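Here's the structure we're looking at; comments come further down.
All of these numbers come straight from a predicted model, not from anything done at the bench.
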Protein chains: 2
Amino acid sequence: MDQTPPLNALRAFEAAARNNGFSRAADELFVTQSAISHQVRQLEDWFGVQLFERGGGRARLTPQGEGLARSLGDAFTEIRDACRKVRETAVGEPLNIAVIPSIAACWLIPRMAEFTAENSDFPIRLTYAIHGQPIDFNQTDIAIVYSREKLAVPRARATPLFPGASVPVCSQSLLDWHGPLTGPEQIAGAPLLHDTDWRGWSDWFLKTTGQERRADDGVVFEDFNLMRSAALSGQGVALCPLSIIQDDLKAGRLVALSETTIDEESAYYILEPASLPRTSAPKTRTFKAWLLDAAIN
Amino acid sequence: MDQTPPLNALRAFEAAARNNGFSRAADELFVTQSAISHQVRQLEDWFGVQLFERGGGRARLTPQGEGLARSLGDAFTEIRDACRKVRETAVGEPLNIAVIPSIAACWLIPRMAEFTAENSDFPIRLTYAIHGQPIDFNQTDIAIVYSREKLAVPRARATPLFPGASVPVCSQSLLDWHGPLTGPEQIAGAPLLHDTDWRGWSDWFLKTTGQERRADDGVVFEDFNLMRSAALSGQGVALCPLSIIQDDLKAGRLVALSETTIDEESAYYILEPASLPRTSAPKTRTFKAWLLDAAIN
DNA sequence: CAACCTCATGAGATATTTTCATATCATACA
DNA sequence: TGTATGATATGAAAATATCTCATGAGGTTG
């Protein structure tokens, strides 16, 4: 017969006891109250002993539960301390991040200070991930890329970071000079800025007006950042992914001209090699968690 | 970011460190070496630190691994102790076992002493489970039953205990008196003992000779135990499940007359109610584990 | 009361853990 | 030098455990 009960149930119980409530334990462990309830019950069933006294709107420890909780508290503290100590010995290899230029310029670098502030002695090497050029995962721990379809890379794991849907935007100065730009007709009259090719605007006009429209005039930029510079300096209307120009919109540097989005299926993805070198795995984990958190903001 | 690494990985690592090898740790935890390997690696990835030095035919702890192992050893010991203490407080409600008469008489009761010796202060109440009569799981924690098909009972969980295949057997004394009983012809000439109905022998003759044979003579007993008594006292040949007369065969009280078995699809099952009352759950677990272990013997 | 806590629960979705079936690697021995 | 041997590694599939969702039930509190 088994010697020790399920460890995860013990942890859940310990958290519940310490926090004096299932819901609070659930918050601590980043799970639902339901999960804690299931786990505590599992433990009680395993022992054949009631650990919490329910009813009265809250759960109180039984005497047996109290004793168990005290010992477990000590033990888990010891475990946590020991683990922290091990982590601290992890050496300072830099984390290699490869990011597409647009994200780097508009989103990541402005937020980078926040990350480094929270994570001191966390060396980082930031490089470009160029679209269409495979990422060398021997030199990259984590990457951020853009993809029009659901991303599936052979030896890597993809996690969506944020959506890639684009809307027409321009600078306030352009509006002042040109007058209002509402609806496809007016927008078509303004200088159009293209990223890479003509496809974006063609799609957008098709979607808004229901019919094909030639959109092969205006300037085509090699790269998103160039197009954005042009848009910022009032040279025309550009189709930009909402997610990455949110700072520009908030600051009033750019103004969205329509609700209609294109490329709604596209997204920005976090890419990690399927198997990370040991020394960079925890850093990658930390950074990824921060990315996902920052993406919500 | 997470505060503690996966607990199960920590346990695997601790066992590997203490046992000085993955394979031995695997034995201790009743898993495969592969599982330990995966878990230790997971932990190393989590920490970003090498915990074991591989190569040289065996794994040795790194300095960091050594420190971690020591702390974890202490912590897990404390956990185990605390859990043992809780279990000991579990009060002594009796375990209610319901068993079909054949198993009770031939198999369980002869082994019961062994169980009670290993498990002192473990009160037991043994009752009959009568075939065809539903088991009242309000008064039964665990049951052993027989079924010709794969068993599925609504609010209960069934675990196969041992096979139910039957062979012809008789006492040595009958053989002495009657002469050898080899093959269907000779057996047909001896008095046949029936359990419940004629079906058993009909099936057996059909299986051995390939053709139907009337087998409606001989004595029909209400119950297996009666038939067994008759067989033991040399009154004829009976079809008995191999599993439950193994003691009789070993002791030479009964002799198997053929290799050909019937009811090969049938089996004896352990039945547990889907949700056990808290106080009996651990006892049930213990008893079930013992049953399954004893079944292998 | 009614709003708002608390914990409970069953079913289904998700994630983790384990196994299986090899692969690799170093050592010992012939 | 080959094998044989005894260790760990590994990828994919299977088996389990865990978590969430959606909801229920019971208790406080204004």
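Rounded to whole Å, the distance from CG on N19(B) to P on dA7(D) is 13 Å. Per the geometry, CG belonging to D45(A) stands 15 Å off C1' belonging to dA17(D), to the nearest Å. L61(A) has its CG atom 17 Å from the P atom of dT6(C), to the nearest Å. Atom CG of D27(A) and atom P of dC19(D) are 14 Å apart (whole Å). The separation between F52(A) atom CZ and dA8(C) atom C1' is 14 Å, rounded to whole Å. In this structure, the CZ atom of F22(B) is 19 Å from the P atom of dT24(C), given to the nearest Å. In this structure, the CG atom of N20(A) is 12 Å from the C1' atom of dT6(C), given to the nearest Å. If you take CD of E44(A) and C1' of dC7(C), they are 11 Å apart, rounded to a whole angstrom.
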**Report entry** Under 4.0 Å protein heavy-atom contacts per nucleotide of nucleotides 9-19 of chain C, with B for base, S for backbone only and - for none
**Finding:** BBB-----SSB
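The list of ring-ring contact (aromatic ring centres under 6.0 Å, His included) pairs with a residue in residues 6-25 of chain B, not counting sequence neighbours, reads F13(B)-F52(B), F22(B)-F52(B).
Of the side-chain N and O atoms in R54(B), one or more sit less than 4.0 angstrom from OP1 or OP2 of dA9(D). Side-chain nitrogen and oxygen atoms of S23(B) include none within less than 4.0 Å of the OP1 or OP2 phosphate oxygen of dG6(D).
Pairing each heavy atom of A129(A) with each of V145(A), the nearest pair is CB-CG1, 4.5 Å.
Residue-environment remark: CD (E259(A)) stays at or below the threshold of 12 foreign heavy atoms within 6.0 Å.
Every residue was checked against the side-chain hydrogen bond (donor to acceptor under 3.5 Å, both in side chains) condition with Q33(A), not counting sequence neighbours, and none meets it. A search for side-chain hydrogen bond (donor to acceptor under 3.5 Å, both in side chains) contacts involving S34(B) returns nothing, not counting sequence neighbours. Residues meeting the side-chain contact (heavy atoms from CB on, under 4.5 Å) test with E264(A), sequence neighbours left out: A165(A), K207(A), T261(A). The ring-ring contact (aromatic ring centres under 6.0 Å, His included) test applied to Y268(B) returns Y146(B), F162(B), not counting sequence neighbours. Scored by the side-chain contact (heavy atoms from CB on, under 4.5 Å) test, E265(B) finds no partners at all (sequence neighbours excluded). Remark: P6(A) engages A9(A), Q42(A), W46(A) in a side-chain contact (heavy atoms from CB on, under 4.5 Å) (not counting sequence neighbours). In this structure F115(B) satisfies the ring-ring contact (aromatic ring centres under 6.0 Å, His included) test together with F122(B), F287(B), W290(B), sequence neighbours excluded.
Between the two ends of the helix from dC1(C)-dG30(D) to dA30(C)-dT1(D), each summarised by a five-pair axis, the helix axis turns through 30° (rounded to 10 degrees).
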Would you list the atom pairs, donor with acceptor, under 3.5 Å between side chains in residues 70-81 of chain A and any protein atom, with sequence neighbours excluded?
from: T77(A); atom 1: OG1; to: G73(A); atom 2: O; distance (Å): 2.7
from: D81(A); atom 1: OD1; to: R84(A); atom 2: NH2; distance (Å): 3.0

Check: protein-nucleotides 13-15 of chain D nitrogen or oxygen pairs below 3.5 Å:
none

